[in-house]
Amino acid sequence: MIARELLGKIIITNIDGITTSGRIVETEAYNGSTDKASHAYAGRRTNRTEPMYASAATAYVYLCYGMHHLFNIVTNQKDIPHAILIRAVEPLQGMEDMLIRTGKRKLDYTLTKGPGNVSKAMGINKLHTGLNLLSNTIFISEDDYKIDETEIASSPRIGVAYAGDDALLAYRFFIKGNPFVSAKPR
DNA sequence: CGACCGATCGTCT
DNA sequence: GACGATCGGTCGA
């Protein structure tokens, strides 16, 4: 499962002349047309969800609650709308700029905890939806950091109670004990 | 701590 | 016209 493999990888953004990067510590998988929690459930295909139907390594960014831009990585072949929501990263580069973007005063674990904060800190917004992630604006990289399987935990996804039985699926993955991992499900 | 609540607007029905 | 793949502040214990 790709949501698991993304843990420990690095997201780098070059936006507005600013470079920021962070290590992925929490993800959620959205399993396309069979997943009631997915925007693409039952093959729903609209202007908003169209990028999810693109091939792997495309960005799907959308506005949530009228104020948060949530960043997803599309993972499958063209026309199969699978995506991974990046829920938290551990900042690596550009913390000063992240603080400015988020309006926070001091560097703490809330800087990039939760999907809304990740996008805000890294400068990702709706304009980036549909963007190819092999571009240099937003891309995924990796370094020597290795995660052992035993460091990975899973749980049901956050905030998807409306999805019925699919809300129970353990499609959320995170690095155990990492302080940037967001709150537990409600 | 936990529970609750308001902000805020694009998207879909 | 209703409703979020959220966040941060407040309130009470």
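Just so it is clear, the structure is predicted and the values come from calculations on it, not from any experiment.
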What nucleotide among [options] has an atom nearest to a side-chain atom of [X]?
X        : options               : value
A:Thr46  : C:dT6, B:dC12, B:dT11 : B:dC12
A:Met67  : B:dC12, B:dA7, C:dG8  : B:dA7
A:Asn117 : C:dG8, B:dC12, C:dA5  : C:dG8
A:Arg44  : B:dT13, B:dT11, C:dA5 : B:dT13

Charged N to carboxylate O below 4.0 Å: is that the case for [X] and [Y]?
X        : Y        : value
A:Glu149 : A:Arg4   : yes
A:Asp143 : A:Lys9   : no
A:Asp148 : A:Lys176 : no
A:Glu90  : A:Arg23  : no

May I ask you to say what [X] touches in the nucleic acid, namely base, sugar-phosphate or nothing, with a heavy-atom cut-off under 4.0 Å?
X        : answer
A:Leu70  : sugar-phosphate
A:Asn72  : base
A:Lys104 : sugar-phosphate
A:Lys113 : sugar-phosphate

Could you tell me the separation between the [atom1] atom of [X] and the [atom2] atom of [N], rounded to a whole number of Å?
X        : N      : atom1 : atom2 : answer
A:His68  : C:dC3  : NE2   : P     : 19 Å
A:His69  : C:dC7  : NE2   : P     : 13 Å
A:Asp166 : C:dA5  : CG    : C1'   : 13 Å
A:Ile86  : C:dT6  : CD1   : P     : 14 Å
A:Tyr30  : C:dG4  : OH    : C1'   : 12 Å
A:Arg172 : C:dT6  : CZ    : C1'   : 14 Å
A:Tyr60  : C:dA5  : OH    : C1'   : 9 Å
A:Tyr41  : B:dT13 : OH    : P     : 14 Å

Checklist entry - When you check the side-chain N and O atoms of A:Asn14 and A:Thr19, is any donor under 3.5 Å from an acceptor? => result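 A pair is found: one side chain offers a donor N or O, the other an acceptor, under 3.5 Å apart.
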Next on the checklist: Check for me: is A:Tyr65 stacked on B:dA7 by the 5.5 Å centroid and 30° plane-angle rule?
Outcome noted: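 Not stacked by the 5.5 Å and 30° rule.
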Item to check | C:dG8 pairs with, by Watson-Crick or G-U criteria that keep both distances under 3.5 Å | outcome: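 By the stated definition (distances under 3.5 Å), B:dC5 pairs with C:dG8.
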Distance test, side-chain N/O of [X] to OP1/OP2 of [N], below 4.0 Å:
X       : N      : value
A:Asn47 : B:dC12 : no
A:His39 : C:dA5  : yes
A:Arg87 : C:dT6  : yes

Checklist entry - Say you draw a straight line from CD1 of A:Ile11 to CD1 of A:Ile73; how long is it, rounded to the nearest 0.5 Å? => result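 Going from CD1 on A:Ile11 over to CD1 on A:Ile73, the span is 5.5 Å.
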